[in-house]
Amino acid sequence: MKAYKNKKIMILFLAPVVLGLLVFVYYPLLQTVIGSLYEWVSYTPDQKWVGLKNYGAIFTGSGFGRILFNNIIYAALSVVCQVGLAMVLAACLEELFMRKFQGFFRTVLFLPSLISMSVIALLWKCIFNPNTGLLNTFLMNIGVQNPPTWLGDANLAIFCCIFISQWQYVGYCMLLDLIGIQKIPQELYEAALIDGAGSVKKFFYITLPMGKESMLVTAIITVIGSFKIFTEIQILTGGGPGRASEVLATAMYRSAFVNDEMGVASAYAVIIFVITLVLSLVQMKLSKTGGEADV
C-alpha cells in the first residue's frame, strides 16, 4: 500500500513536467518536422505537400555552402578561443599563489555569461560604425587613412561577429575545467615539482592530459552553441552584407519572416535540431567516459 502511495506521488510530481514537455517541446517539434514537408505561408492555412523539396532547395541553394562555412568557422574559432583560453585560466587559478584569490576571479570571469548578448551586440555595432565608431576614430587618429568598414566588409563581417562573442562564455568553460583540474591527484603535481618541472611543463604534461575530458565536454557545448548562434549575427549584420555572415539560425529567420517561406524555415529548424541533437549525443557519450561514470 505504501509503495502504491509513493508511486502515485511520483506520478503527480512528474505529470506537470511530462505534460509541459509534450505541449511545449515535442508537439512543436513534430509540427515543425511535418511543416517542413509542405509549402505554406503564414497568412493562409493552405498547405501544399512537397515532400523533401524544401530540404533540396536548402542543400542545393547557392548560399548554403557559405552558411554552413560560417557556422563551422564560428564553431572552430570558438573552440580555440573559449575552450583553450578557459583551460589556461583554470590552470592559472589552480596555482598555489592564486588560490587565495580564486573566488574573486571565478566570480569576475563568470559574470560576462550573465550579460545579455543583445546589449553587447548593440554596443559593438556602434563601435564598428565606419563613420562615427570608436574603433575607426581611433585608427584614423593614429594615422590609418582608410580603416576597414568592418561589418560592411563581406570578408570581415563574420569574424567581427565571432570576435565580440568569444569573451562571454570563457568564464563558464573555465569553471567546468576548474572542476576537472581539482579532481587531478595532487601527488602528480608534487612529484613533478620534486623533479624540477615548472608551471608550463606541469600544464602540458599533467593538466592537459588529465583534464582532457572536461575540455571535450566544454568543446561540445561550445560547438552546439555555435550552431544555434543567432542574436549577435542578427543585430550586427542581419546576415549581411549580402549573405556573407549568414548562419543557419538567421537563414531560418530570413526564410520565415522576410521571404515568408515557412516550409523552408521549418526545414532549417529541423536541420539545426538534427545537428545539435547529434552533438548532444556525442557530449552525453563523452561525459560517461570518465572513471567515475564507469563505476
Side-chain angles (χ1 to χ4, degrees), residues 70-95 97-129 133-139 150-151 156-183 203 207-208 211-239 245 247-250 253 272 276 279-280 283 287:
N70 287 340
N71 272 114
I72 291 172
I73 197 67
Y74 205 113
L77 291 178
S78 295
V79 167
V80 172
C81 297
Q82 293 181 33
V83 179
L85 182 57
M87 178 55 81
V88 173
L89 289 173
C92 289
L93 290 183
E94 270 299 293
E95 288 292 323
F97 68 94
M98 285 294 293
R99 286 184 182 176
K100 59 182 178 180
F101 306 110
Q102 190 179 109
F104 170 77
F105 282 107
R106 279 191 305 184
T107 303
V108 169
L109 293 170
F110 180 74
L111 279 177
S113 64
L114 305 178
I115 301 174
S116 170
M117 178 49 72
S118 300
V119 175
I120 300 302
L122 287 170
L123 174 64
W124 276 96
K125 191 172 184 177
C126 295
I127 294 173
F128 281 131
N129 188 295
L134 291 175
L135 186 55
N136 276 6
T137 300
F138 170 75
L139 291 176
W150 303 110
L151 300 176
L156 292 177
I158 185 63
F159 295 102
C160 292
C161 296
I162 294 171
F163 170 77
I164 75 158
S165 62
Q166 295 310 299
W167 58 272
Q168 188 173 25
Y169 293 108
V170 168
Y172 175 76
C173 294
M174 180 207 67
L175 287 180
L176 296 179
D177 289 332
L178 202 56
I179 295 170
I181 292 175
Q182 288 172 350
K183 291 182 179 180
F203 176 76
T207 305
L208 275 184
K212 63 181 180 181
E213 288 185 12
S214 65
M215 288 187 69
L216 284 171
V217 172
T218 54
I220 295 296
I221 293 173
T222 302
V223 171
I224 291 172
S226 298
F227 277 94
K228 297 191 297 182
I229 204 75
F230 173 77
T231 305
E232 47 265 61
I233 303 289
Q234 185 64 26
I235 292 176
L236 287 172
T237 66
S245 61
V247 291
L248 288 168
T250 56
Y253 180 89
I272 296 171
T276 53
L279 292 173
S280 298
Q283 178 195 357
S287 65

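The analysis underlying the following values was restricted to heavy atoms, covering all of them including side chains, and did not include hydrogens, waters or symmetry mates. All of these numbers come straight from a predicted model, not from anything done at the bench.
By the side chain to side chain contact (heavy atoms under 4.5 Å, CB included) test, K228 pairs with I224, I272, T276, sequence neighbours left out. Residues forming a ring pair (Phe, Tyr, Trp, His ring centres under 6.0 Å) with W124 (at least two apart in sequence, or on another chain): F128, F163. Judged as a side chain to side chain donor-acceptor pair (under 3.5 Å), and not counting sequence neighbours, S226 has no contacts. By the side chain to side chain contact (heavy atoms under 4.5 Å, CB included) test, I179 pairs with K183, sequence neighbours left out. Contacts of S78 classified as side chain to side chain donor-acceptor pair (under 3.5 Å), with partners at least two apart in sequence or in another chain: Q166. Every residue two or more places apart in sequence or in another chain that forms a side chain to side chain donor-acceptor pair (under 3.5 Å) with T207 is listed here: Y189. Taking the side chain to side chain contact (heavy atoms under 4.5 Å, CB included) definition, one finds that Q234 meets it with F230, T250, Y253, sequence neighbours left out. Applying the side chain to side chain contact (heavy atoms under 4.5 Å, CB included) criterion to L122, with sequence neighbours excluded, gives I235. Annotation: side chain to side chain donor-acceptor pair (under 3.5 Å) contacts of S165 (sequence neighbours excluded): Y74.
How far OG1 of T231 is from CE of M117: 7.5 Å, rounded to the nearest 0.5 Å. Interatomic distance, CZ of F203 versus CD of E95, reported as 10.5 Å (0.5 Å rounding). How far CG of L156 is from OG1 of T237: 12.5 Å, rounded to the nearest 0.5 Å.
Between T222 and V79, the closest heavy-atom pair is CG2-N, 4.1 Å. The two residues V247 and I229 come nearest to each other via the heavy atoms CG2-O, 3.6 Å. Nearest heavy-atom pair, G211 versus M87, reported as atom, atom and distance to 0.1 Å: O-CE, 3.7 Å. A pairwise comparison of heavy atoms in I233 and S245 identifies CG2-O, 3.3 Å as the closest pair. Across every non-hydrogen atom of I181 and A91, the tightest pair is CD1-N, 3.7 Å.
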Side chain to side chain contact (heavy atoms under 4.5 Å, CB included) between L176 and I221, worked out:
CA-CA 11 Å; L176 296 179; I221 293 173; 4.1 Å; yes

Residue pair M215, L208: steps toward the side chain to side chain contact (heavy atoms under 4.5 Å, CB included) verdict
CA-CA 9 Å; M215 288 187 69; L208 275 184; 3.6 Å; yes

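With hydrogens and angles disregarded, no donor-acceptor distance shorter than 3.5 Å links the side chain of E232 to the backbone of C161. At least one donor-acceptor pair closer than 3.5 Å links the side chain of N71 to the backbone N or O of L248.
The side-chain hydrogen bond (donor to acceptor under 3.5 Å, both in side chains) contacts involving residues 168-177 comprise D177-S214, where partners must be two or more places apart or lie in separate chains.
Two residues are said to be in side-chain contact when any heavy atoms from C-beta on lie closer than 4.5 Å; N136 and W150 meet this criterion. By the 4.5 Å heavy-atom criterion applied to side chains, W167 and L85 are not counted as neighbours.
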Check residues 103-114 and write down every donor-acceptor pair under 3.5 Å in which the side-chain atom is one partner and the other belongs to a residue at least two apart or another chain.
| residue | atom | partner | partner atom | Å |
| --- | --- | --- | --- | --- |
| T107 | OG1 | G103 | O | 3.0 |
| S113 | OG | F110 | O | 2.7 |

